[in-house]
Amino acid sequence: MSVITIERKILEKNDEIAGKNRARFAEHGLFVINMISSPGSGKTSILERTLEHLRGNISVAVIEGDVQTDFDAQRVAHYHVPVVQIITRGGCHLDANLVQDAAANLNLAGIQLLIIENVGNLVCPANYDLGEKMKVVITSTTEGDDKPLKYPNIFRNASVLIINKIDLLPYVNCNIERIIGNALKINPDLRVFQTSCTTGAGIPDWCAWLAQQAISQP
Ligand code: MG
Ligand code: ZN
C-alpha cells in the first residue's frame, strides 16, 4: 500500500469515466478542448475573444472550472452561449467525473464545439483526461519564458500552445523564441499561436484554426 498506488487507482477510474465522456461527445460529433494554464494567463479572456469571433459561425458551449466563484461563468454568459460552472471548492483540477456531471446540464445535440476552462494550474490538469479531443496550454509573456522547462508534462500532453499577452513583450523580460524552442523540444507536434486579448492580435488565426477543427470533426 502506497500513495503511488492510490493515485494510480484514482487516475484509472478517471480514465474510465473520461472514455465514457469521449464516447458521448463523439456521438454528438462534438469537438472538445480543455484549456489549461496557470492563474492569470488569460484563459477566460481568450475564451471571451474566441466566443466573440466564432459567434454566428459555429455553436459553442462552455464548462468553466474554478476553485471558487462563478465570476468567469458570468463573463462567458454575456456571449449568450450555454455555460455550466464547476466550483471545485479547493480542488486544484477538473476530473472526468465533474465534467460528466457538468455535461449532463448541457444540450449536446445543438453544439459543435465544447470549451472546458480548467482550474488555473499547470501541474495536475496535465494528468487528468476529461474526455477532450485536445488540451490547449496557455502561457503569457508576463510569466517569463521558463514554463516549458518547469512544467514539461502539460507541454507534452497538449496539442496547442497559445502564448498570450504578446502586446506586453516590450515591457517584460520574456524571450518568446525560448518558450517556443523549449516547448517544441518537448513536443514537436505542438501547434503554436501568439495572441493578445488587448489588441486582438492572433485571435483570428487561432479561431480560424479552431473552427476548422470543429467543423471537420468526423
Ligand atoms: Mg478563468
Ligand atoms: Zn489537482
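Remember, predicted model here, so these are calculated numbers, not experimental data. Atoms within a ligand are numbered from 1 in the order they appear, just like the ligands themselves. These numbers come from the heavy atoms of this one structure, side chains and all, not from hydrogens, waters or symmetry mates.
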Quick one: CD1 on I115 to CD1 on I33, what's the gap to the nearest 0.5 Å? 4.5 Å
Charged N-O contact under 4.0 Å between E143 and K147: yes
Using the rule given for side chain to side chain donor-acceptor pair (under 3.5 Å), can you reason through D72 versus Q85, listing the C-alpha separation, both sets of side-chain angles and the distance that settles it, and then say yes or no? CA-CA 8 Å; D72 287 356; Q85 175 81 54; over 6 Å; no
Does L161 share a hydrophobic cluster with V136, counting links as ILVMFWY side-chain heavy atoms below 4.5 Å and allowing steps through other members? no
Residue and atom, protein N/O/S, under 2.8 Å of the Zn ion (ligand 2): C92 SG, H93 ND1, C124 SG
Could you tell me the separation between the CD1 atom of I179 and the CG atom of D146, rounded to the nearest 0.5 Å? 8.5 Å
Say you draw a straight line from CD1 of I138 to CG of N118; how long is it, rounded to the nearest 0.5 Å? 10.5 Å
Taking 2.8 Å as the limit, list every protein N, O or S atom around the Mg ion (ligand 1), by chain and residue number. T44 OG1, D72 OD2, E117 OE2
Hey, are K165 and T141 close enough side-chain-wise for a donor-acceptor pair under 3.5 Å? no
Quick test of your reading of the model: are R55 and E52 salt-bridged, counting only N-O distances below 4.0 Å? no
Report whether F193 and L169 are members of the same hydrophobic cluster (ILVMFWY, side-chain heavy atoms less than 4.5 Å apart, transitive linking). no
